[in-house]
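Written below as structure tokens is the structure these notes are about.
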Amino acid sequence: MLHIYNTLSRREEPFETIEPGVVRMYVCGPTVYASSHIGHALSYIVFDVVRRYLEYKGFNVRHVQNFTDVDDKIINRSRELGIPWDELSARYSDEFLRDMDALNVKRAHEYPRASAVIEDIVADIARLIEMGNAYPLDGDVYFRVLSDPDYGKLSHRRLDEMNAGARVEVDERKEHPMDFALWKGAKPGEPAWDSPWGPGRPGWHIECTSMSTRSLGPQLDIHGGGNDLIFPHHENEIAQSEQLTGKAPFARYWMHNGWLLLNNEKMAKSEGNVLSIDNVVEKYGADAYRIFVLSSHYRRPLNFSEEAVVSAATVAERLATAVEGAEVGADTTAYAEDRAEFEAAMDDDFNTSRALAVLYRLATESNRLRSSEQDESGAASLLRELGSVLGLRLERWEVSAVGVEPFVDLLVQIRKELRGAKQFALADRVRDGLRELGVSVEDSPQGTKWRFER
RNA sequence: GGCGACGUGGCCAAGUGGUUAAGGCAGAGGUUUGCAAAACCUUGAUCAGCGGUUCGAAUCCGCUCGUCGCCUCCA
């Protein structure tokens, strides 16, 4: 049985859904004001694997992920660039989807946008005011944290222990320093929507409440996001949602991934130490980055290093080699133990590191059988199947070098004739020359194969 | 100040009370190869330090040292 670590209880809990067989999963999406980086990629790969594994287990997963497309950072950036905010957010949300496709992250079933649900948000805020959980203030609206007796239960902090204003100056007009904005009154020139409290835009946290309840109902099975979202974002979502719907828990399992570090420091735009997704995918390949991410447990912080990703790229090649040319969809019953071990690892709060060890063993097995001229298709098929649960494509890397293939084929054919004539010096010159051009040539009893090298 | 994560062989990383501490990368040796490449086989650690609990600890407790994160920008 699947067990998931729940941030709320700080324990692993057996996974039981609200509705049998159905998983309602909401993952916090990006604020689309700039390119996403490989830290974001880590998070979405983690939740992609969660989804894929749940689907493998037979659950009908309903996966919703929002785009935050109205907020201060977007407004600021659009001013800097002189581009309308909606154009800017559309540009980066499109780019985000392309990046996710490149990483083989399955698309969510729905991508609600904050700007498209303003009416719902206004209605929810009005209701919170009506119930006494929120109060208007000079065109803004704030959530009254003291109205939620459980406030702090996710992050396990108490209001009186928190160091309000540690990073941001406290607005003295608020009733309580931790009260947070549901609605922000617009300053001149800012994007604004009409509301009972004057023109403005939604605060950050309320959009997730409005969107998740509209898309998935008042209660979720899984709510996920990065570690840093625990406080305040998810804490505030819980407070709003549970007060609003009167139903608790808002989400049964709160999952949070650890942070990606670069040079042992948090990867963040403000630190200036970010690597772009397309850059890494192009250089190492999507499988390599996924293997790098999945080789450690998702809740642990992970340090990005050239060496670790290169190592993952080597592994990706090895796995791809092991399934290359093998019959697809062969009988895997002989490998039931390997499958069971993979499932046991994944059932243990998605222990992908252990799960990968099963794939490595299958790769070795497949290669060994093949080289001893036995049928490797069972091992290879299971490797493909379990690999796809981890979102691995297991394809050799190909350059879209349009039109050069016939020339390479010709050179390889000529080299074959030279070898046949024992003209090894010349044959090696061809091979070395091709390698310098990025083409590796491999001889085997079955013939000669060549491929582009990264 | 409050809350939390972590320190396992050169590198990455499982394992959280009990036979020989998974696995991968790199390195070394070997098989194969005209030579290579790919593949396969073999090969290394007593778990940051100190003290304690226990018949028994990497695994529990305490302290020390070190690293990282959160406390209204953030996946």
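Naming convention: chains lettered A, B, ... in sequence-line order (proteins, then strands); numbering from 1 in each chain.
- For the P atoms, the distance linking B/rG69 with B/rU20 amounts to 40 Å, nearest Å.
- Distance CG (A/Leu383) to P (B/rA39): 13 Å, rounded to an integer number of Å.
- Heavy atoms of A/His256 sit nowhere under 4.0 angstrom from any nucleic acid atom.
- Closest to the A/Arg157 side chain, of the nucleotides B/rC11, B/rC70, B/rC41, is B/rC70.
- Counting only N and O atoms by type, the side chains of A/His205 and A/His233 include a donor and acceptor under 3.5 Å apart.
- Contact annotation for A/Arg158: no contact, since no heavy-atom pair falls under 4.0 Å across all strands.
- Across all strands shown, B/rU59 remains unpaired; no Watson-Crick or G-U wobble contact has both distances below 3.5 Å.
- Taking the P atom of each, B/rU19 and B/rG34 are spaced 48 Å apart, rounded to whole Å.
- Within the 4.0 angstrom heavy-atom criterion, no nucleotide atom of any strand lies near A/Ile230.
- B/rC65 is paired with B/rG7 under the Watson-Crick or G-U wobble criterion, all donor-acceptor distances under 3.5 Å.
- Not less than 6.0 angstrom separates the ring centroid of A/Tyr44 from the ring centroid of A/Phe47.
- For the pair A/Arg290 and A/Asp48, the salt-bridge criterion is met [side-chain N within less than 4.0 Å of a carboxylate O].
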Protein within reach of the bases, or only the backbone? For nucleotides 27-37 of chain B, mark each nucleotide 5' to 3' as B, S or -, using heavy atoms under 4.0 Å.
-------BBBB
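- Base pairing analysis places B/rU19 opposite nothing; no Watson-Crick or G-U wobble pair with both distances below 3.5 Å involves it.
- Using Watson-Crick or G-U wobble geometry with both donor-acceptor distances under 3.5 Å, B/rU43 finds its partner in B/rG27.
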